[in-house]
Amino acid sequence: MNLQEHARLRDQFPALAQQVNGHPLVYLDNAATTHKPHAVLAATDGFYRADNANVHRAAHALSGRATLAFEAARETLARFINAPHQREIIWTRGATEAINLVAQSWGMSELKAGDEIILSTLEHHANIVPWQLIAQRTGAIIKVIPLDERGDLDMAAYRALLNPRTRLVSVAHVSNALGTVNPVAELVAAAKTVGALTLIDGAQAVAHLPVDVQAIDCDFYVFSGHKLYGPTGIGVLWGKTELLTRMPPWQAGGEMIDRVSFAGTSFNALPFKFEAGTPHIAGAIGLAAAVDFLLAQDRGAIANAEAALMARLVTGLKQIPGLRLIGEPMQRSGAVSFLLEDIHPQDAATLLDMQGIALRVGHHCAMPLMESLGISGTMRASLACYNNQDDVDALLTALHKLSDFF
Ligand SMILES: Cc1ncc(COP(=O)(O)O)c(C=O)c1O
């Protein structure tokens, strides 16, 4: 991708063109959330302006159009992750809600005392706490895959944890704090040898890596729309039909039923069984627009440009006196964590913000990971397709100044 092509891509994101604190915005907090291209803004705005109606319910024209667009969005998302059936795409509020759905529905109905759930040290709290709640209620036990000194999963330790009591392995595709890309197909294949199910938290993967759920062969895959250039409040749980069919509903209300009477209620078919109440219609349509936007790009060229930018960033960070990289995984995507000697991350972030540079400091909702590293938090820079060399160089220059000053 040449500079002009990249500039055209970046121009699609209006929020990037602003000044912050008197400086051009340098947005490097993409692991928290990404900005939205014109196509997404137009799709959500267009829905509310013209087609606004509830879905699946009314006989009128607007409801027909809304329902068509809403279900077409589901089809787009199925194509995006190569799901075999669009009924396997369940709309949720995001990755967090998708994991809670599996924990509450599958976990509460399937797990019993002594069953084991394997997580990893680098999980986001969204893939820890739902399982802790279920473990407390069912007596299931949580086991944790440790990391090696680079920040990669210790695969030998993982294999040693697997046993016939293992019912589920639930791990991130990409770490939000360290950027580690986990070998998900290998993790899934190993889990299958003991008959365990697998859930992959793709929140940090979908914007960066091509995801093929059939190739990974996991049982569940979850992600959020807002980290994928789509709206907030919408995300996806993908699961295999056979499993989703067996799982009981978790939230109840309209849309998820077939027939209701006070003598008893029967439930709707997939995917509606898991979609109680009025869904985030504009969100689903906006997310499909984000996916269409991404699929219309040369994703290979974007991935190469992002990898080159990450290499420039990591190389530059290593040259800053007093800067310590936190984690150097074999394969990195999206994020890099670091600490500056003698300056608190929060102070550094405030000084960077005064120069228009947005990045994230803290535990990144990964407190167990921070504890295992013996630190309370890091500074994290995270990239998206629209970041360019100017962004990376602005951060490096500002960090050099901080390092000189302190
Ligand atoms: C790896 C990972 N999983 C889950 C989540 C939760 O995503 P959300 O808050 O959009 O539900 C995040 C958010 O940062 C994440 O990075």
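In each ligand, atom 1 is the first atom listed, and ligand 1 is the first ligand listed. Computed from a prediction, not measured in an experiment: that's the story for all the values here.
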In short, P279 meets V55 closest at the heavy-atom pair CG-CG2, 3.8 Å
message = Quick check: H173 with F223 (ring centres under 6.0 Å apart)?
response = no
ask   = When you measure from the side chain of K36 to the backbone N and O of H226, does any donor-acceptor pair fall under 3.5 Å?
value = yes
Closest to atom 12 (C) of ligand 1 by heavy-atom distance, out of H125, R360, H124, is H124
Does an N or O from E97, backbone or side chain, lie closer than 3.5 Å to an N or O of ligand 1? no
Next on the checklist: Taking the six-membered ring for Trp, are F47 and F70 closer than 6.0 Å centroid to centroid?
Outcome noted: no
What one should report as the nearest heavy-atom pair of L396 and G316 is CD2-C, 3.6 Å
Heavy-atom proximity to atom 9 (O) of ligand 1 ranks first, among I128, T96, L122, for T96
* Asked: salt bridge (charged side-chain N to carboxylate O under 4.0 Å, His left out) between R10 and D390: does it pass, once the steps are laid out?
  -> CA-CA 12 Å; R10 189 177 165 97; D390 291 346; over 6 Å; no
The answer for which part of R93 has a heavy atom under 4.0 Å from ligand 1 is neither
Any luck finding a side-chain donor-acceptor pair between N30 and Y386 under 3.5 Å? yes
Near Q204 (heavy-atom distance under 4.0 Å), the atoms of ligand 1 are 1 (C), 14 (O), 15 (C), 16 (O)
If you scan protein heavy atoms around atom 13 (C) of ligand 1, the nearest is K227 NZ, 2.8 Å
Heavy-atom proximity to atom 10 (O) of ligand 1, picking from G233, S224, A366, points to S224
If we number the atoms of ligand 1 from 1 as shown, the ones under 4.0 Å from a heavy atom of N176 are 16 (O)
So for H226 against ligand 1, with non-hydrogen atoms under 4.0 Å, the contacting part is side chain
Does D201 reach ligand 1, in the sense of a heavy atom lying below 4.0 Å from it? yes
